[in-house]
Amino acid sequence: MKKLNTSMNKVAALFCFTVITFINVNALNTKPFPKDFKFGVATAAYQIEGGWNEDGKGENIWDHLVHTNPTAVANNDTGDTACDSYHKYKEDVAMLKYLGVSHYRFSLSWTRLLPNGFANKVNQRGVQYYKNLIKELKDNGIQPLVTLYHWEMPQTLQELGGFLNNNFIDWFGDYAELCFKLFGDDVTNWLTFNEPGPICQHGYGLGDLAPLYKSPGIGEYICGKNLVLAHARAWHIYDDLFRSKQKGSVGIVIDSRWFEPETNKTEDIQAAEVMRHFVWGTYINPLINGDHSSIVKEKIAKRSKQQGFKRSRLPEFTEEEQKYLKGTLDIIGLNHYSTYLISAQKHPDPDAMGFYVDCEAVARQSDDWEKGGTDWMRVVPWGIRKLLKWIKHTFNNPKIMITENGFCDNKDKLLDDDRRINYIKTYLSNIRDAMDKDGVNVVGYTLWSLMDNFEWTLGYTQKFGIYHVDFNSPNRTRTKKKSADYYKKVIATRCLTDM
Ligand SMILES: *[C@@H]1O[C@H](CO)[C@@H](O)[C@H](O)[C@H]1NC(C)=O
Ligand SMILES: *[C@@H]1O[C@H](CO)[C@@H](O)[C@H](O)[C@H]1NC(C)=O
Ligand SMILES: *[C@@H]1O[C@H](CO)[C@@H](O)[C@H](O)[C@H]1NC(C)=O
């Protein structure tokens with residue numbers, strides 16, 4: 001099998017075997033992905049592990065939300081058992097092995113390791129779980145790509161304000177240091193935070209995701225400031241204490257849609273650019289350049305002033321903080337799913353506050369775009385190429401790992417998932433185009449997700465997996481979907497073959 005693959009790779013080195021296929025007029029890119037390009041899949045602790053209070057694990061904000069506010073989640077679903085990966089991790093790794101992935105992106109549950117959030121008491125049984133998982137991965141030749149924080153604030157720290165308390169920078173730094181120390185000999189690729197946008201805008205602004213804290217126009221900016229400083233703290237700890245020995249990298253994962261102007265009017269073109277700087281730049285710009293982009297600072301400062309605030313609702317970084325932040329990214333993780341059309345529009349109420357109010361733009365999706373399982377899941381493959389190109393030009397060609405991309409439907413046990421295959425194929429083709437034709441530095445692709453799992457407030461209604469999970473069975477039986485075999489073939493041939 002190995003031999004066959006190698007010789008196939010050789011033949012395929014110049015051109016993929018696929019017949020040129022036309023999908024929505026756009027030809028698939030037929031160039032193979034480079035040899036060192038990494039293909040993987042992703043999951044996150046709360047969404048798959050279960051074992052929510054087993055072996056000494058402490059409560060986090062999602063445990064708290066689902067138990068105190070059950071109707072906030074579709075069908076009152078919880079992640080109490082989820083995919084039961086806490087007990088079935090060996091089966092998960094066998095699936096990864098079958099797929100042939102080079103890496104597996106998963107996250108650590110902070111309260112499994114530190115039940116109270118603070119680093120004074122380490123839960124050895126939690127440590128052992130991750131040691132076992134990492135060993136199983138290494139034994140099977142799979143690289144761990146580890147997210148430290150995937151939406152799971154310890155409840156104890158939340159009660160002290162969570163991201164709104166600037167002591168969070170210390171708490172997170174202590175936690176990160178412990179993880180580097182415990183696992184860093186085997187884990188060389190670290191990601192600090194998953195999706196600061198939803199963490200801050202939805203967790204502390206709109207208040208529709210855990211911890212359901214509503215402070216639009218204020219909370220999300222304080223959260224953002226503490227979050228980027230906490231990232232920088234972890235990066236500096238790694239750089240000072242671990243890098244020379246462990247030789248790894250520390251990045252962050254930013255989610256971004258592509259924002260296309262609704263029309264060719266100058267104001268819409270500008271509004272789309274503002275939106276990109278708000279959604280993507282708010283977190284990336286401080287870590288690359290040490291500060292927010294001027295467009296973001298000006299917009300929020302102006303509106304804050306008109307509203308009678310003494311200073312901008314966007315807290316400034318001191319000069320010292322700017323120095324501390326600048327250049328603290330070894331790699332950028334990009335989560336991308338869909339595209340929006342943007343037009344300029346001021347909020348009618350001058351006192352209104354909020355992230356998107358400050359943008360002075362509105363976003364919508366076209367009904368012409370194929371819809372997946374949930375309203376925002378629209379299939380717009382060209383959007384990822386435009387986004388990658390924009391990041392390259394705006395941020396001086398950084399190294400990018402696609403840390404999430406994938407398709408959801410809402411049908412249980414849809415094993416012949418041709419629409420997911422088409423999504424993966426056309427998005428990968430546009431990524432290949434971005435690398436090949438636009439020179440974007442993309443080093444890997446991580447499909448979301450290995451298996452159907454707990455999709456936050458949408459519960460188990462949205463299916464992102466290339467493996468089906470039977471949530472009605474105590475066994476949480478996993479069954480391969482057609483897309484798993486498609487992805488396996490792409491990985492083996494490094495080509496976007498037909499199924
Ligand atoms: C969800 O929980 C609420 C309150 O506990 C209950 O009234 C409702 O019937 C539950 N819904 C479902 C779908 O179980
Ligand atoms: C904007 O102008 C370009 C070039 O003329 C055209 O291709 C494109 O369709 C226009 N976009 C919209 C939304 O009208
Ligand atoms: C659960 O798994 C066990 C062992 O693989 C099997 O014997 C049993 O029939 C399964 N039960 C269900 C409900 O699928």
Side-chain angles (χ1 to χ4, degrees), residues 22-27 46-47 50 52-53 59-84 155 207-212 256-277 279 338-346 359-371 373-376 378-390 393-394 408-413 426 429-430 433-434 437-438 452-463 469-474 476:
F22 288 88
I23 291 165
N24 302 333
V25 199
N26 295 318
Y46 189 76
Q47 295 177 275
W52 80 275
N53 60 357
E59 187 187 34
N60 65 43
I61 53 174
W62 278 92
D63 297 319
H64 190 78
L65 181 149
V66 300
H67 297 145
T68 56
N69 210 335
T71 53
V73 180
N75 303 317
N76 300 355
D77 285 337
T78 76
D80 289 357
T81 309
C83 306
D84 199 24
Q155 183 60 22
D208 56 1
L209 291 177
L212 306 177
S256 189
R257 292 132 275 170
W258 170 247
F259 300 109
E260 180 75 7
E262 173 90 47
T263 72
N264 275 333
K265 284 191 223 147
T266 313
E267 73 222 53
D268 288 346
I269 291 171
Q270 277 170 359
E273 183 67 4
V274 169
M275 196 71 129
R276 291 169 207 144
H277 276 281
V279 169
S338 197
T339 286
Y340 284 75
L341 296 171
I342 302 299
S343 40
Q345 194 184 95
K346 285 196 170 52
C359 289
E360 298 184 324
V362 290
R364 72 170 192 98
Q365 289 181 300
S366 167
D367 287 331
D368 297 341
W369 297 338
E370 182 190 346
K371 191 176 146 189
T374 183
D375 205 47
W376 59 262
R378 300 283 176 157
V379 184
V380 195
W382 50 262
I384 196 166
R385 179 172 173 192
K386 287 199 174 192
L387 173 62
L388 287 167
K389 209 168 148 181
W390 180 81
H393 287 295
T394 314
C408 66
D409 57 56
N410 53 16
K411 300 199 176 56
D412 196 22
K413 208 156 189 190
T426 50
S429 180
N430 276 276
D433 280 342
K437 298 176 182 158
D438 310 325
D452 295 341
N453 58 49
F454 179 81
E455 182 55 26
W456 311 110
T457 50
L458 299 172
Y460 296 100
T461 61
Q462 298 304 319
K463 313 292 182 183
V469 176
D470 184 356
F471 294 104
N472 297 315
S473 159
R476 295 298 192 269

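Indexing begins at 1, ligand by ligand and atom by atom, following the structure's order. Remember, predicted model here, so these are calculated numbers, not experimental data.
The residue from V73, N75, N76, T71 that puts a heavy atom closest to atom 8 (C) of ligand 1 is N76. Compare N264, I269, T263 by their heavy atoms: the one nearest to atom 3 (C) of ligand 2 is in N264.
W390 is listed as a side-chain neighbour of E273, based on a closest heavy-atom distance under 4.5 Å. W258 is not listed as a side-chain neighbour of V380, based on a closest heavy-atom distance of 4.5 Å or more. No side-chain heavy atom of T457 sits less than 4.5 Å from a side-chain heavy atom of D208.
In terms of protein heavy-atom proximity, atom 5 (O) of ligand 1 is nearest to P70 CG, 4.4 Å.
When atom types are taken as modelled, the side chain of K463 and the backbone of Y460 share a donor-acceptor pair closer than 3.5 angstrom.
Near E262, meaning under 4.0 Å from any of its heavy atoms, are these atoms of ligand 2: 13 (C).
Atom 11 (N) of ligand 2 lies below 4.0 Å from at least one non-hydrogen atom of the protein.
Summarising the geometry of S338 relative to Q365, their closest heavy-atom pair is OG-NE2, 3.0 Å, with the distance given to 0.1 Å.
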